[in-house]
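Heads up: the structure comes next, in structure tokens.
Residue numbers start from 1 in every chain, and the chains themselves are labelled A, B, ... in the order their sequence lines are given, proteins ahead of strands.
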Amino acid sequence: MTMETHTARRIEIIIETPALRTLRRALERSGVKGYSILPIMGGYGRTGSWSREGEVGMANSMVAVLCLVAPDRADAVLQAVYEVVDRQIGVVAVSDSQVVRRERF
Amino acid sequence: MTMETHTARRIEIIIETPALRTLRRALERSGVKGYSILPIMGGYGRTGSWSREGEVGMANSMVAVLCLVAPDRADAVLQAVYEVVDRQIGVVAVSDSQVVRRERF
Amino acid sequence: MTMETHTARRIEIIIETPALRTLRRALERSGVKGYSILPIMGGYGRTGSWSREGEVGMANSMVAVLCLVAPDRADAVLQAVYEVVDRQIGVVAVSDSQVVRRERF
Amino acid sequence: MSEALALAGQNLLSPIVLSFALGLAAALARAELSIPEAMAKAMSIYLLFAIGLKGGIEVASQGMGVQIATGLAAGFMLSALIPLLAYALLRLMSGLSRVDAAAVAGHYGSISIVTFVAASSLLQSFGIDFEGWLVAVAAVMEAPAILTALWLAGRSDRTSGALPWREIALNGSIVLLLGAFLIGWIAGADGMGEIEGFFIAPFKGVLCLFLLDMGLIAGRGLRNSAHLLRPGLISFGILMPMLGGTIGILTGWALGLSTGGVAILGTLAASASYIAVPAAMRVALPAANPGIYLTLALGITFPFNLAVGITLYLMLARWLTGG
Amino acid sequence: MSEALALAGQNLLSPIVLSFALGLAAALARAELSIPEAMAKAMSIYLLFAIGLKGGIEVASQGMGVQIATGLAAGFMLSALIPLLAYALLRLMSGLSRVDAAAVAGHYGSISIVTFVAASSLLQSFGIDFEGWLVAVAAVMEAPAILTALWLAGRSDRTSGALPWREIALNGSIVLLLGAFLIGWIAGADGMGEIEGFFIAPFKGVLCLFLLDMGLIAGRGLRNSAHLLRPGLISFGILMPMLGGTIGILTGWALGLSTGGVAILGTLAASASYIAVPAAMRVALPAANPGIYLTLALGITFPFNLAVGITLYLMLARWLTGG
Amino acid sequence: MSEALALAGQNLLSPIVLSFALGLAAALARAELSIPEAMAKAMSIYLLFAIGLKGGIEVASQGMGVQIATGLAAGFMLSALIPLLAYALLRLMSGLSRVDAAAVAGHYGSISIVTFVAASSLLQSFGIDFEGWLVAVAAVMEAPAILTALWLAGRSDRTSGALPWREIALNGSIVLLLGAFLIGWIAGADGMGEIEGFFIAPFKGVLCLFLLDMGLIAGRGLRNSAHLLRPGLISFGILMPMLGGTIGILTGWALGLSTGGVAILGTLAASASYIAVPAAMRVALPAANPGIYLTLALGITFPFNLAVGITLYLMLARWLTGG
Ligand SMILES: Nc1ncnc2c1ncn2[C@@H]1O[C@H](COP(=O)(O)O)[C@@H](O)[C@H]1O
Ligand SMILES: Nc1ncnc2c1ncn2[C@@H]1O[C@H](COP(=O)(O)O)[C@@H](O)[C@H]1O
Ligand SMILES: Nc1ncnc2c1ncn2[C@@H]1O[C@H](COP(=O)(O)O)[C@@H](O)[C@H]1O
Ligand code: NA
Ligand code: NA
Ligand code: NA
């Protein structure tokens with residue numbers, strides 16, 4: 001069984017947890033069919049280091065949102081993402097990957 | 001020290017935790033030399049949103065499996081992966097990346 | 001709002017947690033502007049399987065470090081990374097992706 | 001009757017039930033409240049271990065009783081057979097497809113440990129004892145229903161190879177319950193003295209926080225999947241535990257259990273799994289919709305049992321046994 | 001005076017304050033010590049639930065008192081108005097930009113629950129009671145300050161659409177505090193008997209480990225962001241809680257609260273939020289620097305209140321009320 | 001002799017040892033049971049803090065005793081020198097390479113806190129006291145063995161630059177043990193009254209769940225790496241703790257410790273690190289195989305000490321001291 005593959009944009013967004021809800025709303029409105037949220041344990045950037053360890057609140061933590069989206073829908077999604085991330089400190093990286101079951105992206 | 005790099009397929013699989021064991025078995029049989037499992041905190045898809053928070057069981061959570069594999073072994077691995085994922089709700093994305101120490105993939 | 005995008009190297013490093021501190025120092029000295037650390041729950045490799053579950057120490061766990069870096073800085077960063085990873089069991093994968101706000105990478 | 005109402009009222013206003021209600025309300029109001037996954041799992045491990053220990057300690061002092069072998073066999077049969085009734089009812093009452101109905105049926109044959117724990121806590125506050133070895137019966141009732149569900153769904157041979165039998169038979173709850181039961185039995189009341197400060201005194205308080213979490217999860221499930229629950233399905237979620245509970249109570253009575261034991265076996269039969277069976281169904285029957293079986297078990301049947309069912313089963317058990 | 005010094009010394013050498021000092025020292029020395037995030041959150045949930053319950057139980061036995069309505073209103077006003085004073089002081093004393101000053105001001109209008117818990121624990125060790133419904137006042141004081149901060153920052157309409165109002169009003173601490181308060185009130189002292197083994201006996205011990213964690217976090221913040229705290233800002237971090245505390249104490253006295261109640265209201269007014277407000281500011285005022293507001297609240301004001309402030313507020317409350 | 005057997009039997013059937021056995025059996029049977037990482041870490045933090053506190057409280061009431069300085073020095077020497085013996089034995093008994101033997105040797109010079117906790121719990125159930133400051137000795141014994149191991153491995157200068165000295169000296173266990181010891185000492189028995197409900201009463205129960213987890217981890221390690229453990233290595237894993245234990249006991253006896261103190265120092269010397277040293281070896285000696293050192297320490301020596309060793313050390317200590 002070799003399955004037919006299709007190109008999809010792989011959008012990876014790193015954003016502060018407090019802004020996640022806003023980002024999710026934007027993504028869902030922009031027409032993505034799915035996304036996954038991965039925890040980040042800590043990191044380093046212009047504003048110094050941070051770590052999730054021992055934190056009670058969410059102000060000091062970031063998450064990664066991974067979204068695979070069909071090329072024809074990618075521009076709308078990216079625009080929605082940039083609008084949110086623009087106000088926040090997040091990072092967005094886009095690349096290409098191959099997926100099966102095109103109808104799911 | 002500039003190390004020689006080689007192309008490897010980067011296979012990323014998002015799958016329900018209960019099916020992880022089946023996927024691991026399939027991957028190991030298909031000849032991968034290694035893979036890593038990353039937690040997913042929550043997400044959104046055709047079946048709605050989910051979150052790992054407060055969950056006691058694993059029925060409602062997904063994980064991401066990341067597998068870097070040499071190009072000549074990639075087809076066999078992907079076929080094994082598709083066979084498992086086909087029955088589940090998972091997502092598979094494949095792209096290329098550069099690795100060192102070719103013998104490890 | 002379509003934002004201008006730039007190519008960045010996406011460097012992904014899988015390394016034992018005890019060596020993370022050494023890697024972080026190397027990354028920061030090599031001039032990266034930021035990186036994020038993602039937890040890994042478990043995995044499989046030449047040395048068998050491992051899992052984070054129930055572990056008290058960190059000797060048996062690995063993490064993934066994700067670093068987006070501008071192409072002109074990538075070689076220096078990779079060299080620093082290889083020097084650390086060379087002594088450890090980690091894996092490094094490099095690919096290209098598109099980012100906005102070039103000054104942040 | 002007025003005593004029964006008092007009992008029901010006392011249960012409804014207990015911190016345990018109120019904590020569940022708080023979680024449910026918070027989730028339905030989309031409050032920004034959540035319990036870390038590791039904390040939820042830690043509480044669940046604690047409760048399983050503590051309830052297993054208690055059962056073992058009781059057996060160490062009371063002895064096993066002659067009914068244990070028949071009790072275990074009865075538990076196995078209840079778990080294996082109740083799904084047949086559930087399946088028939090579902091096909092009658094709800095428009096569920098064969099595979100969805102089979103998956104749901106499997107949940108009702110198996111058990112919910114936290115319902116068991118809540119029932120034992122209610123019994124304890126009335127000073128009613130029950131047979132310690134019912135903990136082992138609970139463990140035995142976890143898995144057989146899964147087999148029946150698969151048989152009902154008519155699963156093909158190809159996929160059944162993927163079914164993780166070992167994981168089902170040796171799943172965490174079963175191992176913890178039986179393991180702690182054995183430890184309690186071996187160590188006995190003497191050996192336990194030193195660990196009571198952890199496994200007895202804080203038990204009900206932990207149960208409160210755990211039920212808060214269950215309320216949050218149940219509310220989240222209802223918010224996401226309420227649209228999947230047609231009226232027929234909701235009626236099933238309330239009718240089925242009463243039927244299963246009655247069958248369990250009659251079985252316990254036939255076995256000659258104590259009043260408390262009858263009520264507990266009724267509760268086990270009435271309760272629906274929300275940990276072990278859903279995980280098995282995800283792999284074994286991926287075509288079944290988790291939104292249906294999870295939401296029905298956790299969003300309808302669990303709250304019903306907690307708020308009303310357990311009290312009913314206890315009253316029925318009392319009436320039958322004259323206890 | 002010597003009694004006051006004894007009080008201060010006793011507080012400084014209590015396991016609670018020493019645990020915080022240990023965490024702080026460990027973090028400043030870059031020790032390899034950390035508390036898992038899930039454990040920190042679990043302790044926080046436990047403390048909120050327990051303090052809410054206690055408040056509710058007290059109200060169930062003492063009754064609500066007539067001051068509750070004015071008390072809630074006063075809490076709301078304190079939270080909404082204190083930021084104005086804080087903002088004015090900040091513009092005077094520190095070189096902070098408008099948006100940074102507004103964000104910091106918001107933190108000082110809102111409250112820190114763990115400071116409240118530490119104060120209640122100190123009161124308890126002196127056998128001083130306080131009005132149980134102050135728990136509800138604490139919940140009411142969480143959010144209004146956020147509004148004032150946004151108004152001070154002069155936020156434009158475009159971005160305010162993104163502000164998660166529901167999440168602020170229904171954030172985890174508010175829901176847990178008020179929910180547990182209601183449960184304690186409904187269940188009353190009787191219903192609570194069974195869960196005391198979890199919510200009362202281990203309370204102070206959990207508080208120790210939680211303060212160890214707070215020390216670690218505060219120390220980490222100071223290490224990362226000490227360079228952002230100019231002398232003027234540090235002075236503000238110590239002066240402001242004394243001013244806020246005094247205002248709170250006078251308000252409590254005017255309301256006719258008990259000695260303990262006056263001290264608690266003073267502590268609430270003196271304390272600065274480090275959970276709810278920072279999260280809101282990240283979204284609502286992303287241009288404000290979190291390094292400033294988090295480090296000031298957690299690295300300066302919280303330790304000051306814990307080590308010195310609470311004792312001061314209690315002495316002032318005693319002097320005012322003659323208690 | 002019959003008393004000794006009774007002691008051994010009582011230990012083997014204690015809930016603590018049985019919990020470890022349950023975890024081990026579950027892991028070897030590949031049961032689907034696991035403890036969340038955050039829960040395991042939380043329990044470990046709790047146990048370290050509690051044992052440190054207890055030591056400090058004892059010192060506050062008993063005074064330090066004159067032996068503390070020599071005791072600390074002796075602990076340092078035991079940790080630094082035992083690896084030499086271990087290394088020589090390994091080169092004799094097992095076919096391990098130089099670097100693997102050095103890494104393993106380092107583990108046996110250092111200590112396992114949970115073995116210490118289990119020993120103190122056994123002593124307590126017999127009503128045998130020990131010197132509170134042995135907690136500080138335990139902390140001192142964590143790190144020196146690492147230096148010896150590196151010296152034995154003949155590490156080159158280039159890589160040693162990478163060794164995280166600060167992290168080793170200020171690792172979590174050392175900081176928690178010493179910090180809690182100081183808190184206990186400063187606050188004394190009075191200050192502790194209020195936190196006993198958390199740090200004393202539930203202690204043994206938490207230890208049970210923690211040992212369940214240790215059993216799971218040990219069993220997982222054995223399953224993955226049993227093939228690395230040749231007979232010579234397994235013999236070493238049992239012989240070495242008896243040798244180290246004897247050396248520790250003789251040292252304690254020479255220092256004039258109490259019976260309990262002698263048994264504890266023996267246990268420390270006999271135990272092998274499974275947290276601090278493995279992490280250091282991963283960085284400092286990446287060429288050493290973790291499958292060997294982790295499995296030997298956790299899968300062979302830890303269970304041996306728990307089930308048999310500690311009882312032996314106590315009996316030897318009694319015989320020597322006549323206690
Ligand atoms: N180039 C980058 N690659 C990966 N993660 C980054 C990068 N830059 C920033 N981040 C993440 O975003 C957080 C905030 O970044 P900053 O605003 O630069 O302090 C960092 O702590 C990292 O977790
Ligand atoms: N396009 C996608 N990109 C990333 N994750 C996805 C995507 N589609 C689905 N997922 C993940 O898979 C889960 C189940 O998807 P679904 O079966 O579509 O509900 C989602 O909740 C996400 O966690
Ligand atoms: N090809 C790979 N792809 C992804 N992760 C890997 C790969 N190889 C190794 N790893 C990770 O690195 C760990 C150690 O690998 P090894 O040294 O081969 O045992 C594994 O358990 C995985 O978590
Ligand atoms: Na059932
Ligand atoms: Na305030
Ligand atoms: Na040792």
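The shortest distance between side-chain heavy atoms of E/C208 and F/F199 falls below 4.5 Å. The side-chain heavy atoms of F/I195 and E/F203, taken from C-beta on, include no pair separated by under 4.5 Å.
Counting heavy-atom pairs closer than 4.5 Å to chain E, the top residue among F/L53, F/I186, F/I174 is F/I186. Ranked by heavy-atom pairs under 4.5 Å with chain F, the list E/I35, E/L18, E/I200 is led by E/L18. Taking chain F as the reference chain and counting heavy-atom pairs below 4.5 Å, the highest number among E/A21, E/A25, E/A29 is found for E/A29.
Contacts between E/L207 and chain F at a heavy-atom distance below 4.5 Å are absent for every atom of the residue. Contact of F/I45 with chain E is made through the side chain alone, with heavy-atom distances under 4.5 Å. With a 4.5 angstrom heavy-atom cutoff, E/L22 touches chain F only via side-chain atoms. If you measure heavy-atom distances from F/A50 to chain E, you find no contacts under 4.5 Å at all.
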Quick one: donor-acceptor pairs under 3.5 angstrom, chain F versus chain E?
from   : atom 1 : to     : atom 2 : distance (Å)
F/R166 : NH1    : E/A29  : O      : 3.1
F/L170 : O      : E/E32  : N      : 2.8
F/G172 : N      : E/E32  : O      : 3.2
F/E194 : OE1    : E/K204 : NZ     : 3.1
F/E194 : OE2    : E/K204 : NZ     : 2.9

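Looking at every heavy atom in both residues, F/A42 comes nearest to E/P36 through N-CG, 4.5 Å.
Atom-to-atom distance recorded for F/I183:CD1 and E/L212:CG is 7.5 Å, nearest 0.5 angstrom.
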